[in-house]
Amino acid sequence: MHYLAEGLRLPTNGLDYTILAIYFAVVLGIGFAARASVKTSLDFFLSGRSLPAWVTGLAFVAANLGATEILGMAATGAQYGVAVVHWYWIGAIPAMVFLGLVMMPFYYGSKVRSVPEFLLQRFDRSAHLLSSVLFAFAAILIAGVNLYALSIVVEALLGWPQWVSIVVAGFFVLAYITVGGLSSAIYNEVLQFFVILAALIPLTVLGLKRVGGWDGLTGSLEKNHGGDFLTAWGGTGIGDANPLGANWLTIVLGLGFVLSFGYWTTNFAEVQRALSAKNLSAAKRTPLIAAFPKIFIVFLVMIPGLVAAVLVPRIGTAGSDLTYNDAIPLLMQELLPNGVLGIAVTGLLAAFMAGMAANVSSFNTVFTSDIWAKYVKPGRDDAYYLRFGRLITAIGVLASIGTAFIAASFSNIMSYLQTLFSFFNVPMFVVFIIGMFWKRASMKSGVWGLVAGTAAAMVNYFWIYKQGIVDIPSDQGANFVSAIVGFVAGAVVMVVVTLFTAPKPEAELAGLVYGTRSPGLEEPPAEGDDAWYRRPALLGWGAIVIAALCYVPYSF
């Protein structure tokens, strides 16, 4: 298990702790204020489908901008260099646009409470139950990663043992989610988005100043790591060596298509924010509004990672007690004055709570609505499910505390997350995409596609890669390959099973397959509601164009 490097303790004082205390008081206050609006299970799990697009859009990006994103992507920048931009401009923006323009009408129009519930309508109960169990398991593992990421910060801040940090942090998040439900989580995520930016911006600016600006940073990195460390595509030809250990084909297919679309379109921790929007138009705009800040956030996590690689050249090297996960705490210790340090620590804790709250709130919805209410205790009154939702939230947090110690064994938590996504999100994505675009896909093909995709991804990672059957240079490269293998295996099995089993009656596919429409799905635009920023297609294409243009400086 990894513990924080000896001596890595942040020089905090009373001012820093005062800022931190004020933030925690506000977070709990929002939780108790949101409690008044929680009267039904729909209020608890989906905020009563009442939130405006700007709130759900900021919550959407904040839910992803967790401690794992900040610590993990900074770690990825320190380890692999500028190639980290791929996780944003290829690995996020196109999929977020696809979710908003193509998939949200299916999700929102079918009035489902969760992603697995859509599979119940499109396929059958077996696909629904398996996807629910897989998603619930994955959500707990990912929430555990957020807990572990927080423990790194708390250990640096207070000197607490790692297990104490994990337990205390877990119970704090439990308090405000259990009290206020999803509304509490979402409104806190809007606050957390701005607090996170307030933490990352000074860290980025002061880091660049310390290494002599952009020219000083790039000069040092090129000298110590080579030119490919500073380009997005350098050395990615098939057969070429590069820091990431992946070629352009595995980057485009494995990350840009399979992992990216698998995460953004089927990860209920994200989709849940859009489902809580007040109408279909707001739901479609939610991921598109989130795409614009997502384009630029990469600079706030990549640059600190690159700075850490210059200031601490031994980070992540053999024999060093510093792992890549320590990049952000190292810079905070080295660069930030008191007061600003308090804001930065608060921002990291906010990032942790946003990420963990997203996964725990999605876990309690799926477990309550898709497993307990449908297979264990069906037909109970709404008040029962509201009480059970709060109970399973507590159980989910306790389980996350256990899985946090699994994440502690990985030197780069982002690599661990990508491994989980290849196992759980990719198989669900292939079932979704085939089910939504192929009417003939049979009811039984869904469950077998999930089984085949998950099994194939795990076999590739644990046997073919870990046992050295095929030489893949890095964990990230192996994750890309596992995602491609899982997608192909799931797709092939779905096609084969479909040829030998009965399709779903066409009358039951309305609103579930592309080209069909649910009655009453389209809503007439409100008077004066035709401004350009309310048009999802323009927002989506604008995000893709800006993300593509950002690649220009990093392409050579």
Side-chain angles (χ1 to χ4, degrees), residues 27-28 31 34-35 38 41 43-47 59 63-64 66-68 113-117 129-151 163 165-186 188-189 266-273 275-276 352-377 384-408 416-417 420-421 423-425 428:
V27 166
L28 287 177
R35 182 182 178 87
V38 180
S41 62
D43 295 332
F44 186 75
F45 295 125
L46 286 179
S47 301
N64 177 252
T68 53
R113 290 194 177 195
S114 69
V115 170
E117 189 177 347
L129 179 58
L130 179 59
S131 64
S132 300
V133 171
L134 288 175
F135 178 83
F137 184 62
I140 291 301
L141 288 172
I142 296 169
V145 178
N146 279 277
L147 263 178
Y148 166 64
L150 175 77
S151 74
W163 70 270
S165 304
I166 290 172
V167 171
V168 171
F171 277 96
F172 185 84
V173 174
L174 172 63
Y176 81 79
I177 297 179
T178 304
V179 169
L182 184 63
S183 292
S184 173
I186 285 180
N188 268 307
E189 284 161 3
T266 68
N267 182 21
F268 188 50
E270 300 294 337
V271 175
Q272 187 179 29
R273 272 78 195 138
L275 287 178
S276 66
F352 147 75
M353 289 188 291
M356 184 176 179
N359 283 283
V360 171
S361 59
S362 61
F363 164 79
N364 66 26
T365 302
V366 168
F367 197 95
T368 303
S369 301
D370 293 284
I371 298 176
W372 197 260
K374 284 190 169 62
Y375 300 101
V376 182
K377 295 288 185 180
Y384 170 83
Y385 294 122
L386 177 58
R387 292 193 304 273
F388 183 81
R390 289 195 164 107
L391 172 63
I392 200 62
T393 301
I395 294 173
V397 169
L398 291 174
S400 300
I401 290 173
T403 61
F405 294 97
I406 299 175
Y416 174 53
L417 276 178
L420 296 180
F421 295 155
F423 292 168
F424 299 111
N425 291 90
M428 200 173 296

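Small disclaimer: the values here were computed from a predicted structure and weren't measured.
- Taking each heavy atom of Phe424 and Leu141 in turn, the nearest pair found is CE1-CD1, 4.1 Å.
- Residues Ala373 and Tyr385 approach most closely at CB-CE2, 3.5 Å, considering heavy atoms.
- Atom CD1 in Ile142 sits 6.0 Å away from atom CG in Asn425 (nearest 0.5 Å).
- In this structure the side chain of Phe363 reaches within 4.5 angstrom of the side chain of Ile392, judged on heavy atoms.
- Minimum heavy-atom separation, Thr368 to Gly389: OG1-CA, 3.6 Å.
- In this structure, Lys377 and Phe388 have side chains that are not in contact, with every pair of non-hydrogen atoms separated by 4.5 Å or more.
- A heavy-atom distance below 4.5 Å is not found between the side chains of Phe367 and Ile395.
- For the atom pair CH2 of Trp372 and CG of Asn364, the computed distance is 14.5 Å after rounding to the nearest 0.5 Å.
- Side-chain atoms of Thr403 come within 3.5 Å of backbone atoms of Ile140 as a donor-acceptor pair (strictly under, hydrogens ignored).
- Interatomic distance, OG of Ser131 versus CG of Leu129, reported as 8.0 Å (0.5 Å rounding).
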